[in-house]
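Please read all numbers here as calculations on a predicted model, not as lab measurements.
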Amino acid sequence: MREIVIGLVTRALERLRGTGDLSESLNETFLQNNAGFKVERPRERTHGDFSTNAALILARPAGMKPRDLAQHLLDAMPVEELLGVRCEIAGPGFLNFHIAPERLRALIPEILARGRAYGRSRRGVGERVLVEFVSANPTGPMHVGHGRGAVTGDAIARLLEAIGCTVEREYYINDAGAQIDVLGRSVLYRYQESLGRTVVPPADYYPGEYVIDIARAMHARDGERWASIPVDIPKPPVEVIDFAIDWVMREIRTDLESMDIHFDTWFSERTLHADGGIQRALDHLAANDWLHEGVLEPPKGREPATEEMDGRVHLLFRATRLGDDSDRPLLKADGSPTYFAADIAYHYDKAQRGYTRLIDVWGADHGGYVKRVQAAIEAMTGKKDFLDVVLTQMVNLTQGGKQVRMSKRAGTFVTLREVLDETGSDAVRFWFLGRSSGAGVDFDLDLAKSRSNDNPVYYVQYAHARVHAVQVKLKERELEDLPGDLELLTAEEELNLIRMLGQYPEVVEGAALSHEPHRVTYYLSELAAIFHGYYNQYRILEEDPALRGARLSLLRATGQVIANGLNVLGVNAPVSM
RNA sequence: GCGCCCGUAGCUCAAUGGAUAGAGCAUCGGCCUUCUAAGCCGGUGGUUGCAGGUUCGACCCCUGCCGGGCGCGCCA
């Protein structure tokens with residue numbers, strides 16, 4: 001719908017240009033930034049369905065007063081295409097467009113004809129996007145924070161698919177590094193403990209219950225094979241480590257699948273170490289003078305800069321050239337690559353796979369890491385803004401109004417699994433997507449599992465269920481299901497509902513392009529509210545078949561849009577509740 | 001000290017540089033013999049943290065403060 005208006009304004013501008021009514025400077029402006037005008041949805045209903053600021057933007061270069069230019073534009077609009085569109089000058093020089101009821105009503109058959117494809121577009125055709133998300137370390141079960149990253153990444157992927165992008169979902173498994181050895185020692189410790197021994201725990205180990213489960217399972221497989229190796233061994237046996245990683249990853253995969261999240265690729269960090277990927281990436285950087293050796297300044301202002309600031313010489317990446325705060329070390333003291341070095345190699349690998357765009361979804365606690373990775377990608381590819389990093393803020397769990405503390409150490413660790421069992425995937429998804437990713441989420445366990453008015457998930461799902469309940473009723477009463485006469489949809493509530501349905505494609509496109517799924521959540525809540533209001537005031541199953549048919553069509557179109565919107569968020573659209 | 005995110009109604013949050021800043025919750029008051037009340041209607045509630053700047057126009061962009069969160073070499 002918006003395209004219609006954009007077309008009108010563009011056509012009018014072109015005509016004005018052609019007739020030479022406007023100064024040269026306007027022509028230049030027009031050519032330079034494609035006029036730069038916007039067509040937007042005014043907040044105020046009386047300002048029409050669409051509004052453009054073209055006359056305001058172009059008044060100065062045209063050497064005219066905004067309202068005068070607006071009048072010129074209005075006069076230059078192609079009358080034949082104005083059918084069903086009323087255009088007027090308002091305020092300081094806005095052009096407001098009012099879509100006539102008959103043109104609004106035409107949306108209903110369009111939505112019904114397009115069905116599940118309504119709201120999808122081809123805007124992103126040709127784009128190949130890789131969305132990397134979750135990537136929770138394979139050292140323990142996922143917690144709710146991972147859950148937020150999971151639904152955010154998946155929703156972004158679904159949105160991009162909806163606008164025609166080719167999308168792949170990828171999970172980066174951090175199966176290398178010191179933490180993995182800690183996991184191995186933790187399992188060995190619990191394993192030997194389960195053999196009835198008194199074992200001194202290793203200096204650092206994961207305290208969670210799940211480690212005991214892994215140990216038991218390993219005992220079932222291996223018997224007493226690992227009974228006598230020291231639990232504080234620096235490098236635990238690879239068989240132990242692999243067993244533990246597989247166990248944890250299986251749990252993670254199960255949790256993700258229960259939220260209907262599926263990855264195309266599970267990328268192992270280890271492979272980068274094993275097949276020389278890290279070395280290749282570093283060589284590539286070195287060849288373009290992005291590496292140097294140097295001593296790092298200790299960070300300023302941190303409390304007593306002490307001990308291990310040894311001032312040794314590091315191999316460094318020149319991140320400061322691209323806006324980072326300091327150059328970043330690539331090798332640890334023992335000569336092994338840092339996590340960052342592996343991540344450089346990982347993103348180098350991604351960059352070479354032919355994507356047009358990379359998206360990473362990270363927890364906000366990794367925010368300080370964004371600049372250096374973006375710098376590395378720019379250094380390797382020459383492309384700025386090739387990677388967009390979406391940071392998701394913390395999730396606060398509350399129950400009975402009190403905060404549920406999450407702490408690995410204290411053992412009050414609430415896993416994603418527990419929350420999913422309590423509330424279900426739909427509640428988790430809708431709730432986590434109900435805020436912009438930059439805002440924290442308070443997840444109220446009681447509310448999320450309640451079947452009450454206050455639960456936003458049910459509010460939208462109920463609207464969808466209502467649509468189907470009416471159709472069930474239609475059959476029960478054995479009423480004729482005729483097309484009806486859409487001309488009878490004249491009530492302001494009906495036209496407003498149609499207007500709302502018409503906005504859906506724009507919402508999807510905006511959410512997809514900005515990587516902001518919460519826009520869809522808000523839209524759906526608003527659509528549901530308008531629908532509930534309409535439903536409460538008007539009867540669908542009227543005696544008059546013409547009116548009944550028309551309202552049924554509107555009802556079905558509404559149900560279709562709600563279903564499509566929920567689907568793009570990965571939330572079910574139940575037909576009864 | 002530096003970097004990133006944030007500061008909007010009592011609370012939790014929306015608002016692509018546009019016109020009179022919106023929802024939900026809370027609170028107060030109404031609506032079920034009707035297609036599901038898991039719903040609807042109405043009231044109360046704002047100097048968008050502060051001060052400047054950019055422009056026809058700023059919650060949004062820029063600068064400086066104030067307040068909160070996250071992070072800050074050889075953890076991942």
Worksheet item: Excluding sequence neighbours, so at least two apart, what forms ring-ring contact (aromatic ring centres under 6.0 Å, His included) with His532(A)?
Response: Tyr459(A), Tyr462(A)

Worksheet entry | Nucleic acid contacts of residues 543-550 of chain A, taken as heavy-atom distances under 4.0 Å to RNA chain B | none

Worksheet entry | Paired and unpaired positions of RNA chain B as dot-bracket, Watson-Crick or G-U wobble under 3.5 Å, | denoting a partner strand | (((((((..((((....[...)))).(((((.......))))).....(((((..]....))))))))))))....

Discussion item. Going by ring-ring contact (aromatic ring centres under 6.0 Å, His included), name the residues that satisfy it together with Phe94(A), two or more places apart in sequence or in a different chain.
Written reply: none

Which atom pairs link the protein and nucleotides 54-56 of chain B when you take only N or O atoms and keep those under 3.5 Å?
from   : atom 1 : to       : atom 2 : distance (Å)
C56(B) : OP1    : Arg60(A) : NH2    : 2.8
C56(B) : OP2    : Arg60(A) : NH2    : 3.0

Item to complete: With sequence neighbours left out, write down each residue that passes side chain to side chain contact (heavy atoms under 4.5 Å, CB included) with Glu3(A), or none if nothing qualifies.
Response: none

Taking only nitrogen or oxygen atoms into account, show me every contact under 3.5 Å that the protein makes with nucleotides 4-12 of chain B, one pair per line with its distance.
from   : atom 1 : to        : atom 2 : distance (Å)
U12(B) : O2'    : Arg435(A) : NH2    : 2.9

Fill in: Lys/Arg-Asp/Glu bridge criterion (N-O < 4.0 Å) met for Arg2(A), Glu506(A)
yes

Worksheet item: Hey, is Tyr522(A) doing a stacking thing with A14(B), by the 5.5 Å centroid and 30° angle criteria?
Response: no

Discussion item. Closest approach to the side chain of Asn174(A), judged atom by atom: which nucleotide of G18(B), A76(B), A37(B) is it?
Written reply: A76(B)

Worksheet item: Base, sugar-phosphate, or nothing: which does Asn53(A) touch, judged by heavy atoms less than 4.0 Å apart?
Response: base

Item to complete: Name all residues meeting the ring-ring contact (aromatic ring centres under 6.0 Å, His included) criterion together with Phe432(A); count only those two or more places apart in sequence or in a different chain, and write none if there are none.
Response: Phe443(A)

Response to the item:
Residues passing the ring-ring contact (aromatic ring centres under 6.0 Å, His included) test with Tyr205(A), sequence neighbours excluded, are Tyr189(A)

Worksheet item: Are side-chain heavy atoms of Met577(A) and Gln461(A) found at a separation under 4.5 Å?
Response: yes

Under 3.5 Å, which donor-acceptor pairs link side chains of residues 521-531 of chain A to any protein atom two or more places apart or in another chain?
from      : atom 1 : to        : atom 2 : distance (Å)
Thr521(A) : OG1    : Leu433(A) : O      : 2.7
Tyr523(A) : OH     : Met500(A) : O      : 2.7
Ser525(A) : OG     : Thr521(A) : O      : 3.2

Discussion item. Going by the rule salt bridge (charged side-chain N to carboxylate O under 4.0 Å, His left out), which residues pair with Lys332(A) if we only count those two or more places apart in sequence or in a different chain?
Written reply: none

Worksheet item: How does protein reach along nucleotides 41-49 of chain B, written 5' to 3' as B (base within reach of a heavy atom under 4.0 Å), S (only sugar-phosphate), or - (no contact)?
Response: ---------

Worksheet item: Can His518(A) be called stacked on A14(B) when the rule is centres closer than 5.5 Å and an angle between planes below 30°?
Response: no

Item to complete: Indicate yes or no: at least one non-hydrogen side-chain atom of Asp181(A) is less than 4.5 angstrom from one of Pro236(A).
Response: yes

